[in-house]
Amino acid sequence: MRIPLLAGNWKMYKTVGEAEELVRALLEGVGTPTDREVLVCPPFTALYAAGRLLEGTPIALGGQDMYHEPQGAFTGAVSPLMLRDVGCTYVIIGHSERRQYFGDTDEMVNRKLHAALAHGLRPIMCVGESKPQRDAGQAEDIVVAQVRAGLKDVTATQMQQVVIAYEPIWAIGTGDTATPQDAQAMHATIRRVVSEHYGEETAQSLRIQYGGSVKPDNVDDLMAQPDLDGALVGGASLKAESFLRIVQFRS
Ligand code: PGA
């Protein structure tokens, strides 16, 4: 039985005050869900303030990225230790915007994944193909390659901490969602690849989130698919009302 994980990726939005306001509103509406897990990933500057409000509540805190070293002369970087220190239990790794604008490679993703696991953070590893890749019929190959490279040398025991997010790049921030059927097909492929490498038990317990224009009006259909175990939500996580509706999906 996989507990769906509904995560808000706030990207480069929200000052400290705005983040606190959103966290308060989410806490007011979230209740005490037992059949789903809720996570927010504010920008670095708002993590500490958000973490203080979230302590002891049903909403978990995560970072949007990190560097793989615990500390050192790495100007501008944030470490897994620092994320833990402010209350994070999750971290997003290899988001397509990191890959596209900041040069994160599969090798860096793999290094970050190992660092997250070594420091007790649960990594959400993002994978997904671009529009030209999908149009060329390469979507599966691209995603499978990203999954394999990102998980290099990760053990079956460590896999219990890992979440994978399938986020087709053409669906991110575009309003252009993958159909539930297309998403399901890719999630099943990812689970098969994990099964081939780690065995069926590990694959069956792996949570695979879908991301890319998840909204209140499409979340129910997406979550009804058997291999979709939650959502990684950008735009629609920035307002309490829409994110709470997504959290309260009915399938
Ligand atoms: P979106 O972003 O929901 O705004 O499409 C999703 C993501 O990038 O994680």
Side-chain angles (χ1 to χ4, degrees), residues 4-14 18-19 22 26 36-44 46-47 50 59-66 83 88 90-104 109 112-113 116 121-131 133-134 139 142-143 146-147 150 162-180 182-184 186-187 190 207-223 225 228-249:
L5 174 63
L6 290 310
N9 170 14
W10 295 3
K11 307 194 179 185
M12 202 172 72
Y13 293 99
K14 306 287 179 191
E18 290 164 350
L22 178 52
L26 292 175
R36 56 202 70 196
E37 218 182 311
V38 186
L39 167 69
V40 292
C41 302
F44 290 137
L47 281 175
I59 303 181
L61 185 70
Q64 297 175 15
D65 181 45
M66 54 167 228
L83 292 183
C88 290
Y90 283 90
V91 61
I92 300 170
I93 305 256
H95 189 281
S96 63
E97 286 151 17
R98 298 294 319 174
R99 295 179 191 254
Q100 190 177 346
Y101 304 126
F102 301 96
D104 284 23
V109 169
K112 291 180 182 191
L113 198 99
L121 286 164
R122 295 175 171 201
I124 298 177
M125 183 179 81
C126 302
V127 296
E129 82 285 357
S130 66
K131 184 78 178 137
Q133 288 165 339
R134 174 154 285 257
I142 294 288
V143 168
Q146 287 174 341
V147 168
V162 174
V163 175
I164 294 180
Y166 169 57
E167 298 206 303
I169 297 169
W170 47 270
I172 295 177
T174 58
D176 208 6
T177 322
T179 65
D182 284 349
Q184 166 59 27
M186 191 63 86
H187 283 229
I190 294 170
R207 290 184 294 181
I208 307 174
Q209 294 178 301
Y210 170 78
S213 298
V214 175
K215 309 279 179 217
D217 64 3
N218 61 25
V219 67
D220 295 346
D221 287 343
L222 286 161
M223 293 305 118
Q225 298 296 323
L228 271 67
D229 312 309
L232 183 52
V233 187
S237 73
L238 295 173
K239 289 213 165 75
E241 195 190 354
S242 56
F243 187 58
L244 285 169
R245 172 61 186 85
I246 288 169
V247 166
Q248 286 146 10
F249 75 87

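Numbering of ligands and ligand atoms starts at 1, following listing order. Sequential numbering from 1 along the given sequence is applied to the chain's residues. What you are looking at is a predicted structure, and each value in this text was computed from that prediction instead of being measured.
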S213 side chain to A171 backbone, donor-acceptor under 3.5 Å: yes

Flag the pair I169 / K131 as yes when at least one side-chain heavy-atom distance between them is below 4.5 Å, and no otherwise. no

How about I246 and S237: do any of their side-chain heavy atoms sit closer than 4.5 Å? no

Would you check if V163 and L232 make a side-chain contact, meaning some heavy-atom pair closer than 4.5 Å? no

Expected contact list for ligand 1 at under 4.0 angstrom, heavy-atom basis, is N9, K11, H95, E167, A171, I172, G173, G212, S213, L232, V233, G234, G235

With a 3.5 Å distance limit and no angle check, can you tell me whether Y210 reaches the backbone of A178 through a side-chain donor-acceptor pair? yes

Would you say Q64 and P43 make side-chain contact, with heavy atoms under 4.5 Å? yes

